[in-house]
Structures are given as structure tokens and as C-alpha cells.
K.L.:
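Pasting a structure below so you can have a look.
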Amino acid sequence: MSITGIKGMNDILPGEVETWQFLEETARRVFRTYGFAEIRTPAVEKTELFCRSIGEATDIVEKEMYTFRDKSENSITLRPEGTASVMRAFIEHKMYAQDPVAKLYYLGPMFRYERPQKGRYRQFHQIGAEAIGVDDPRIDAQILVMLSHYLDAVGIDELELQLNSLGCPECRPAYREQLLVFLERRLESLCEDCRRRHAANPLRSLDCKVPGCREATADAPAMLDRLCSSCDEHFNRVQGRLQDLGTPYTLNPRMVRGLDYYTKTTFEVVTGKLGAQNAVAAGGRYDGLIRSLGGPPLPGIGFAMGVERLVLLKSQERIAAPRPDFFFAALGEQAESRAFGLMCALQRKGIQAETDLEGKSLKAQMRRAGKLQARFTVIIGEDELARGVAMVRDMDGATQKEIPLAELEESLTALAS
RNA sequence: GUGGGUGUAGCUCAGCAGGUAGAGCACUGGAUUGUGGCUCCAGGUGUCGUGGGUUCAAGUCCCAUCAUCCACCCCA
């Protein structure tokens, strides 16, 4: 048996990679118009970074991280998400000293040791954006508008933007207590998982899919009704902006996040087309995160999209690879070297050209030209060579004409433009 | 970590109650001694995931194992 790839880590082959390139290029283009700049951080960080930002008690940190010791016995971890690394870099390079506002985006592989299934892999890719330094609700709206602009630009629809607010250190503890008391009285009707994490993370029960839990928590107190005045005002303003801008959304008071750093505005973009892994993008505000990582007390908000999930949603329509302008079909040694030289000259000018290197029959060469969807086939055989011409065939129109070899490069260059 | 499904040609799959493998697509060549896409003809490839067991005989039945997919869980 030959060597295979690692479970849950996939190759992206020609045919599919064009979709990836399209999604990435569109992200760069759209994010740039909103003033976001790309940041690239290493795929590996000190383990402590993720423990402190994501939260010790989260599933990601507890059981999903690729953590190991390097040759110096330092504990390092393959990044399970992008925000922590971006914040670390932001603090480390004192980016706040240059500009009070930082708008950054990133894209690249993330790693989580989970059981692979549809839309969930051990190496997966995220495209994310972070806006640091602003707590004005307009930036919340801006982030959401940019996200929906992007999803629109790549042609993914039938999505729902769900919004919630998780409050802040002012109001969340009190709400948590209330919820705890509420759940306490219904502990018997909750599922095993909910009972187990009841004390550590009571919010989770709101998100549980077990029917019994849904029933038991149907009239549970909602964070949205218990926000402090500043959180409430912030959330109202975010919604007001979204309404002004005509960005549709729905409120989901039961939405919970898997990472501990979220505060206030949180959101998720969900689809009905991906089975169990229905989140296409998600994010929220993380006002305490930078400070807790040793930086200044700056607020921030961001999101991340799952590229594999976007690709799955786009997989109906194949994005075509660019077609060559010319295919050179040559017969005979002299013609071959002539054609090869010409092809290379055109390629150097940035014109996409192909030829056959296996000495095949003209028929076979034509077939290949057709398969590659070349726009023109340039045929040079002994006859043409003797007459000092080449036959240039328009593959779509199925017409062809002779062009003198002396002016061939010039004519083809003109044809390609 | 827990369940279930599936592993046969490069790809998608068929193979009925056990008798040592087949189709379509793709690929190559030809019909058209130098002209693609349509049509027709011809051609090749398989340790039937792996290892055991039952049997005169196993792709087919049994066990184990690995891989993969989907779901739980979790999340992007």
C-alpha cells in the first residue's frame, strides 16, 4: 500500500481549485473596498495563546487541538482558529500605536482533531476579518454588511443571518445566575450532556437539540431581555443600522458561541443545504480579549467563514479554468521546433499556449486542442513549412486561414488580445 | 469518543440463491495516408480494501482489521 494522506486532510485538485481561487480572490477584492488589509500569521502558536483566548473549558481546547512538544520541549499547537493569532500579532507589533483602528483579514488552514464528516475536516480553511479598536455599533453593522456583500459577490444565497447579543461583564453574570436557577429546577428533564456541563456552561442548554431540553428550556430567560442599558443600546443601534442599510437578519436569542471571548453582538450565517454543519460563517464582538492577552483594553469584532462549506455550496457550478488562446499542432521535426519556439515566445508575452510533446498524429493533436478548449489551433506541417505559412484554425467557428510565417507571431499576438 | 452505511477498472457503479469479473464515462488507435467537438469500430488495465475462517469452490457467507462517508457531539 502506498502512502496516503492524513485522515480529514484533503487535497484540492485542479477542477476544484478554481472555485477556491475564486472565493479567495473575491474576498481580497471585497475586503479591500472596506479598507481591510491582509495579515498572515504562522500556522503554529504557543499552546497557551489558545487556552487563554478560546477558553480552557471549551471543547476546542479540551479535546480538539493538535498540541505537541517541539524539540525544545515547548508546547505548541496548530491553530484551531484565526482570531487569537491575529490578536497576538496585533499586540506583539503594537499595531495600535500606529493607528487607533486596525481592519485586518486573513485566510488559511486551521486544524481541529474532530471526526470528519460533511463540511467538517481536520484541516479546514477559514477566511476571516477583524476590526479592532472601535466600539461604535456602526462597525458591527459594517462587518455584517461586508460579510453579506461578500456572500452575495460569490453568488451564495438562501442564507440566513442570525443575530444575538451575549451581553458584557456587567450584565452576563447576573443573567447566568438567573439561568442557572431556572435550569436547576428542571435538571431531571435535561439530557445527560446538559446536566454534566450545567454548572460550567449553562448557556449551552439553550442551544441543545435534544427535544426534552428544548421543551424544558422553552420559556427560559433570554439574555436579550436582561442586557444592561449600554449593551441594550448598542444592540439596538446595530439593528437600526442594519435596517437602514436593508440587510436582512433574524434574532436568535438562543444562539451560543463555542469560544469564550465573545461579548455583546454575536452572529451566525446558516444554510439549510449542508446537513448538520449548517454554519457558513460566524463571529461576534470580543471586547475583553485583547486586554486579557496582555494588550491594551481595546474592543474588537470579527467573523470567520468556512471555505470548505462555501465550496460545497458552490459545487453545483464548476468554475472553468482559463482556456488557452493557442494550441500548436506540428508535423515533422522542423515544424515542431518552429512551433515550439513560437509557443514559448507567446507564453513570454503572457499569452496562454499549448502544444503536443509526444509526436502524435495531427488528428490526435487536434483532439487535444479541442479537449483543452483552445481558441485557435496553429497547424504547421511540411506543406505549410514549404510554402512559408501556417494554418490558423478558429476552433469555435471551425474556419481557418493561412498566415505567412514571417508575420505569424505578430498576428497571433493581435488575435490573442 | 459513540452509532450506522459503503469499500469491485482512473471515475460512477452493476455483479441476482457461493462456480475464479462486467457496463457507462474517461483514455489510446482507427473509419477520414494531414484537421477537434457528433457517430461507428477496435484496444488495455483489476492483488474484487486487507488478513483470517467456512467450502471441492468465496467478489458473493462468517469474523477481525483498515479506509471512507453520514449522523451524534462540536463548530467555520
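Everything numeric in this text was worked out from a predicted model, so none of it was measured. Every heavy atom of this structure was used, including side-chain atoms; hydrogens, water molecules and symmetry mates were not. Per chain, numbering begins at 1; letters A, B, ... match sequence-line order.
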K.L.:
Do the side-chain N or O atoms of Arg204(A) get closer than 4.0 angstrom to the phosphate oxygens (OP1, OP2) of rC75(B)?
P.N.:
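For rC75(B), OP1 or OP2 has a side-chain N or O of Arg204(A) closer than 4.0 Å.
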K.L.:
Is there a Watson-Crick or G-U wobble partner for rC75(B) with both distances under 3.5 Å, and if so, which one is it?
P.N.:
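Pairing partner: none.
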K.L.:
Under 4.0 angstrom, heavy atoms only, what part of the nucleic acid is Ala398(A) near: base, sugar-phosphate, or nothing?
P.N.:
base
K.L.:
Which whole number of Å gives the distance between the P atom of rU47(B) and that of rG51(B)?
P.N.:
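Their P atoms lie roughly 12 Å apart.
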K.L.:
Classify the side chain of Arg367(A) versus the base of rU35(B) as yes if they form a donor-acceptor pair under 3.5 Å and no if they do not.
P.N.:
no
K.L.:
Using Watson-Crick or G-U wobble geometry with both distances below 3.5 Å, tell me the partner of rG7(B), or none.
P.N.:
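In the structure as shown, rG7(B) has rC66(B) as its Watson-Crick or wobble partner.
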K.L.:
If pairing requires Watson-Crick or G-U wobble contacts with both distances under 3.5 Å, which nucleotide is the partner of rA23(B)?
P.N.:
rU12(B)
K.L.:
Establish, with yes or no, whether the OP1 or OP2 oxygen of rC27(B) is under 4.0 angstrom from a side-chain nitrogen or oxygen of Lys371(A).
P.N.:
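Yes.
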K.L.:
Thinking salt bridges, do Arg254(A) and Asp207(A) make one under a 4.0 Å N-O criterion?
P.N.:
no
K.L.:
Taking the six-membered ring of Tyr113(A) as reference, does the cationic atom of Arg122(A) (NZ for Lys, CZ for Arg) lie under 6.0 Å from its centre and within 45° of its axis?
P.N.:
yes
K.L.:
Whole angstrom is fine here: how far is it from NZ in Lys7(A) over to C1' in rC70(B)?
P.N.:
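The distance from NZ of Lys7(A) to C1' of rC70(B) comes to 13 Å, rounded to the nearest Å.
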K.L.:
Rounded to whole angstrom units, what separation is found between the CE atom of Met9(A) and the C1' atom of rU68(B)?
P.N.:
16 Å
K.L.:
Of the candidate nucleotides rA76(B), rU35(B), rG37(B), which contains the atom at the shortest distance from the side chain of Leu362(A)?
P.N.:
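My answer, after comparing the listed nucleotides, is rU35(B).
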K.L.:
Heavy atoms under 4.0 Å, any strand shown: does Val280(A) hit a base, just sugar-phosphate, or nothing?
P.N.:
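Sugar-phosphate contact only - Val280(A) comes under 4.0 Å of backbone atoms but never of a base.
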K.L.:
What does rU39(B) pair with, Watson-Crick or G-U, if both distances are under 3.5 Å?
P.N.:
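rA31(B) - that is the nucleotide pairing with rU39(B), both distances being under 3.5 Å.
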K.L.:
Quantified in whole Å, what is the P atom distance between nucleotide rG37(B) and nucleotide rG30(B)?
P.N.:
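Rounded to whole Å, the distance is 13 Å.
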K.L.:
Assign Glu64(A) to base, sugar-phosphate, or nothing according to its heavy-atom contacts below 4.0 angstrom with the strands shown.
P.N.:
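The answer is sugar-phosphate, as Glu64(A) gets under 4.0 Å only of primed atoms, P, OP1 or OP2.
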K.L.:
Establish, with yes or no, whether the OP1 or OP2 oxygen of rC69(B) is under 4.0 angstrom from a side-chain nitrogen or oxygen of Arg120(A).
P.N.:
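So the side chain of Arg120(A) is outside the cut-off, no N or O lying under 4.0 Å from OP1 or OP2 of rC69(B).
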K.L.:
So, is Gln117(A) close to the rA71(B) phosphate, meaning a side-chain N or O under 4.0 Å from OP1 or OP2?
P.N.:
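Yes, because at least one side-chain N or O of Gln117(A) sits under 4.0 Å from OP1 or OP2 of rA71(B).
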K.L.:
Is Asp396(A) salt-bridged to Arg375(A), cutoff N-O under 4.0 Å?
P.N.:
no
K.L.:
Classify the nucleic acid contact of Gly119(A) as base, sugar-phosphate or nothing, counting any heavy atom under 4.0 Å across all strands shown.
P.N.:
base
K.L.:
Under 4.0 Å between a side-chain nitrogen and a carboxylate oxygen: does that hold for Glu268(A) and Arg257(A)?
P.N.:
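Salt bridge: yes.
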K.L.:
Between C1' on rC75(B) and CD on Gln123(A), what's the gap in Å once rounded to a whole number?
P.N.:
17 Å
K.L.:
So what does Glu384(A) touch, heavy atoms closer than 4.0 Å: a base, only the sugar-phosphate, or nothing?
P.N.:
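Base contact.
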K.L.:
Near RNA chain B, under 4.0 Å by heavy atom, which residues of residues 253-268 of chain A?
P.N.:
Arg257(A), Gly258(A), Leu259(A)
K.L.:
Thinking salt bridges, do Asp383(A) and Arg387(A) make one under a 4.0 Å N-O criterion?
P.N.:
no
K.L.:
Does the plane of the ring in Phe36(A) sit parallel, tilted or perpendicular to the ring in Phe31(A)? Use 30° and 60° as the thresholds.
P.N.:
tilted
K.L.:
rA71(B), rC74(B), rG29(B): which one has an atom nearest the side-chain heavy atoms of Lys360(A)?
P.N.:
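Shortest atom-to-atom distance from the side chain points to rG29(B).
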K.L.:
Checking Arg120(A) side chain against Arg115(A) main chain: does a donor-acceptor pair fall under 3.5 Å?
P.N.:
yes
K.L.:
Does the Lys NZ or Arg CZ of Arg186(A) fall within the cation-pi geometry relative to Phe182(A) - under 6.0 Å from the ring centre and within 45° of the axis?
P.N.:
yes
K.L.:
So that I can tick it off, tell me whether Glu81(A) and Arg79(A) are bridged by a salt bridge, with the cut-off set at under 4.0 angstrom between side-chain N and carboxylate O.
P.N.:
no
K.L.:
Using a heavy-atom cut-off of 4.0 Å across all strands, would you classify Ala282(A) as base, sugar-phosphate, or nothing?
P.N.:
sugar-phosphate
K.L.:
Given rG36(B), is OP1 or OP2 found less than 4.0 Å from the side-chain N or O atoms of Lys363(A)?
P.N.:
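So the side chain of Lys363(A) is within the cut-off, an N or O lying under 4.0 Å from OP1 or OP2 of rG36(B).
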K.L.:
Remember a base hit wins even if backbone is also touched, and classify Glu81(A) as base, sugar-phosphate or nothing at under 4.0 Å, heavy atoms.
P.N.:
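Counting heavy atoms under 4.0 Å across all strands, no contact is made by Glu81(A).
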